[in-house]
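Following: one structure in structure tokens, then a few remarks.
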Amino acid sequence: MTVSQEDIAYEIFSWLPAKTICKFKLTCTSFSKFSEEFPFKTKQSCNLLGTSDTCFFLQHDQISQRYQKRIEFHHLPKQKQFSGVPNNVVTFLSRSACVLASSNGLLLCHTIRDDPIELFICNPITKSYFFIPTPESLRKSHNFSSINLILDCSHSSPDDYLIFLFENTIEWSSPTSYICNIYHGKEGVWKTMENNFVSGGRNMKFDTPVIHNETLYFISDCNDYFTRLSPFYKPYIMSYNCEKGTSTILKLPREAIKGFHAECNMSIFSWGKVTSSNSSICLVKLRKSTFTIWILKDYKSCAWQKILKVRVNALRLEEKDAHVTGFTVMNGNILVFSTEQKIYSCGLDEETFMMVEEIGSHSCGFNPHFISYSNTLHPCGTNDKTMPC
């Protein structure tokens with residue numbers, strides 16, 4: 001069987017980031033044709049699954065975004081040539097949406113009109129979007145802080161995606177139980193899991209989930225609203241196995257729990273490459289301007305390994321007495337954090353350990369939300385529309 005030049009070009013270009021593909025489309029007519037086809041888009045997004053994200057969106061927290069209406073787009077250091085989003089798309093999202101999650105080139109958003117709440121999937125590169133059915137509970141809800149949605153494109157087929165919705169139907173119950181609904185993009189329907197997600201007595205931080213081995217992980221908050229006699233006095237991680245419908249608690253390191261209620265902020269993130277057998281969960285604690293980071297080494301015994309403890313002032317930032325306002329871990333090896341004015345990255349792997357670089361300035365307030373992003377052509381759906389921007 002002979003292989004044509006077009007077949008070779010098709011295969012090569014399917015491994016390129018979307019920004020590069022868009023540039024080639026302007027100069028090559030034949031390439032422009034197959035790059036718009038559905039099979040090529042799914043192949044390209046599948047090939048880039050598991051590769052490092054090169055950029056991220058930054059916005060105000062979920063409640064403030066309704067009024068501030070500002071979304072920013074930033075690149076990781078030395079990654080600007082490999083990624084990009086049209087400015088008019090960022091403007092469109094800023095004035096009309098709150099970004100909840102991102103996965104393999106797709107964004108999950110909800111509208112920020114007063115009523116009703118509507119959910120949609122969009123691809124900023126292809127300027128396409130697709131409204132998905134909004135569950136009745138969200139259409140009636142005016143509490144934007146309780147929209148607990150997670151997007152996952154990693155375990156579905158190349159032209160599909162999953163959305164997880166956790167609904168707390170009984171308030172002030174202990175332990176708290178959430179109904180888990182899953183939306184399959186290809187099927188276009190919501191399905192309710194048989195077993196609820198039991199999260200214990202504390203509130204969960206649904207905005208920083210970790211998906212690992214078909215299991216969702218969430219960390220609780222650190223607020224001081226339980227007595228020492230309560231089984232939920234200390235913060236913890238709770239997992240939810242989507243296949244079995246089981247909820248399991250994971251204990252945090254003793255050092256992480258120490259002083260947790262005093263101006264403490266803890267979150268969990270994916271650690272290592274998604275495709276690596278050594279991928280895991282990392283825990284980041286920020287207390288009194290000090291970062292401490294652990295890696296979960298063994299799930300059964302809840303064994304953690306501390307890899308970093310450093311004061312913010314020791315990172316030698318240009319700002320004096322910098323106050324950290326938000327943070328995330330991207331690509332399983334880069335700590336990205338914001339101060340009141342700037343955004344920085346700090347390497348966590350062996351090659352870039354403690355190497356700090358300034359990413360740029362921001363104007364997203366004192367509790368910004370980071371959404372890591374990857375340039376792909378992942379389709380939103382078979383009946384997607386073009387963004388009005």
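Everything quoted here is computed from the prediction, not taken from an experiment.
Checked against the 6.0 Å centroid criterion, the rings of F40 and Y10 qualify as a close aromatic pair. Separation of the F206 and Y178 ring centroids falls under the 6.0 Å cut-off. Aromatic pair F366/H60: centroids not less than 6.0 angstrom apart. For F73 and F57, the distance between ring centers is under 6.0 angstrom.
Residues in residues 304-332 take part in these salt bridge (charged side-chain N to carboxylate O under 4.0 Å, His left out) pairs, two or more places apart or across chains: E255-K306, E255-K309. Sorted by first and then second residue, the salt bridge (charged side-chain N to carboxylate O under 4.0 Å, His left out) pairs involving residues 356-384 (not counting sequence neighbours) are K78-E357, K342-E358.
A heavy-atom distance below 4.5 Å is found between the side chains of N331 and L76. Between D53 and Y373, every side-chain heavy-atom pair lies at or beyond the 4.5 Å cut-off.
Classification of the F166-F164 ring pair by plane angle, with boundaries at 30° and 60°, yields parallel.
Inspection of the N181 and T192 side chains reveals an N or O donor paired with an N or O acceptor under 3.5 Å.
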Check against ring-ring contact (aromatic ring centres under 6.0 Å, His included), F337 and F327: CA-CA 4 Å; F337 63 94; F327 59 86; 8.8 Å; no

Residue pair F226, Y233: steps toward the ring-ring contact (aromatic ring centres under 6.0 Å, His included) verdict: CA-CA 5 Å; F226 283 111; Y233 172 70; 8.4 Å; no

